[in-house]
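These notes concern the structure reproduced below.
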Amino acid sequence: ILNVEQSPQSLHVQEGDSTNFTCSFPSSNFYALHWYRWETAKSPEALFVMTLNGDEKKKGRISATLNTKEGYSYLYIKGSQPEDSATYLCAPNTGNQFYFGTGTSLTVIP
Amino acid sequence: DTGVSQNPRHKITKRGQNVTFRCDPISEHNRLYWYRQTLGQGPEFLTYFQNEAQLEKSRLLSDRFSAERPKGSFSTLEIQRTEQGDSAMYLCASSISGVGYNEQFFGPGTRLTVL
């Protein structure tokens, strides 16, 4: 079992603010790192899959970076909007299993 | 809708009763996963199937839990003699082995409340 930590646990920001979250994981047995967004009453939605050290992915206002040597990933949201309100989950993948963190709950206040 | 579906979406039951949930994966996906998520926690792995074979089970899956995927398509998760500690969101996900770093696609979950 991998110990995956996400911080902060919850976050409230004003519309237009930029924000970032952290995902920390053991760097051994690493295969890929997945980020998901989970809105209330919906299915978790895949945001990014990252595999290479130094990898950076971007999707609109959301981007993520990966450091496999030290075992962390950052997720950035630029100019937060109310529709960004959701729980953001990271999950290192060892090949067959995903190990989810506890998530960061983001609330964007209009 | 060709995504992962789960039924029912909500289930309220009394302690001691049996419950069964169903998951229909994306049709061409050969892997199917079950997770449980409790308040304040991320999804915890329970078990997964490749086609009809159950390849791995978590120690979280007590003997009151059983999962099947008889024809390698839909799957059922049964909980016998439910306890209040079983109250949680049960998530199903599917993927294609060997493709795209095993990216998993999730259903909306079944929320179980045991009274």
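In what follows, every chain begins at residue 1, and chains take the letters A, B, ... in the order their sequences are listed.
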- Does a side-chain heavy-atom distance below 4.5 Å link B:Phe106 with A:Trp38?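 No, side chains not in contact.
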- Message: Just so I know, are the side chains of A:Ser43 and B:Val4 near enough to count as touching, which here means a heavy-atom distance under 4.5 Å?
- Response: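 Of all side-chain heavy-atom pairs linking B:Val4 with A:Ser43, none is under 4.5 Å.
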Minimum heavy-atom separation for [X] to [Y], with atom names?
X	Y	value
A:Pro44	B:Gly107	CD-O, 3.6 Å
B:Arg9	A:Ala41	NH2-O, 3.2 Å
B:Glu103	A:His34	CA-CE1, 4.0 Å

- Query: Who are the ring pair (Phe, Tyr, Trp, His ring centres under 6.0 Å) partners of B:Phe74, not counting sequence neighbours?
  - Reply: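 Counting only residues at least two positions away or on another chain, B:Phe74 forms no ring pair (Phe, Tyr, Trp, His ring centres under 6.0 Å).
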Got a sec: does the [atom1] of [X] have more than 12 other heavy atoms crowding it under 6.0 Å?
X	atom1	value
B:Glu68	CD	no
B:Lys11	NZ	no
B:Arg15	CZ	no
A:Glu45	CD	yes

- Task: Kindly indicate, with the supporting measurements, whether the criterion ring-ring contact (aromatic ring centres under 6.0 Å, His included) is fulfilled by A:Phe98 and B:Tyr35.
- Result: CA-CA 10 Å; A:Phe98 283 32; B:Tyr35 292 87; 7.3 Å; no
- So which residues get pulled into B:Ile12's cluster when ILVMFWY side chains under 4.5 Å apart are joined, directly or through others?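 Hydrophobic cluster check, B:Ile12: joined to B:Leu115.
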- Rounded to the nearest 0.5 Å, what separation is found between the CD atom of B:Gln37 and the OG1 atom of A:Thr102?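 B:Gln37 atom CD to A:Thr102 atom OG1 measures 10.0 Å (nearest 0.5 Å).
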- Between B:Arg31, B:Met89, B:Glu44, the one whose heavy-atom pairs under 4.5 Å with chain A are most numerous: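 Counting heavy-atom pairs under 4.5 Å, the top option is B:Arg31.
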- Message: Let me check something: do B:Val114 and B:Tyr90 share a hydrophobic cluster, defined by ILVMFWY side-chain heavy atoms less than 4.5 Å apart, either directly or through other members?
- Response: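 Looking at the clustering, B:Tyr90 is in the same group as B:Val114.
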- Query: Are A:Tyr74 and A:Leu66 in one and the same hydrophobic cluster, where Ile, Leu, Val, Met, Phe, Trp and Tyr link if side-chain heavy atoms are under 4.5 Å apart?
  - Reply: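 No: no chain of side-chain contacts under 4.5 Å links A:Tyr74 to A:Leu66.
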- Task: Heavy atoms only, distances under 4.5 angstrom: which of A:Tyr31, A:Tyr36, A:Phe100 has the most pairs with chain B? Name it, please.
- Result: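 Between A:Tyr31, A:Tyr36, A:Phe100, the count favours A:Phe100.
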- Task: Would you mind checking which part of B:Leu91 comes under 4.5 Å of any heavy atom in chain A, side chain (CB onward), backbone (N, CA, C, O), both or neither?
- Result: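 Answer is side chain: those atoms of B:Leu91 sit under 4.5 Å from chain A.
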- Quick one: what part of B:Gln6 sits under 4.5 Å from any heavy atom of chain A, side chain, backbone, both or neither?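 Interface part for B:Gln6: neither.
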- Check whether A:Ser10 gets within reach of chain B through its side chain, its backbone, both or neither, counting any heavy atom under 4.5 Å.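 Neither part; nothing is under 4.5 Å.
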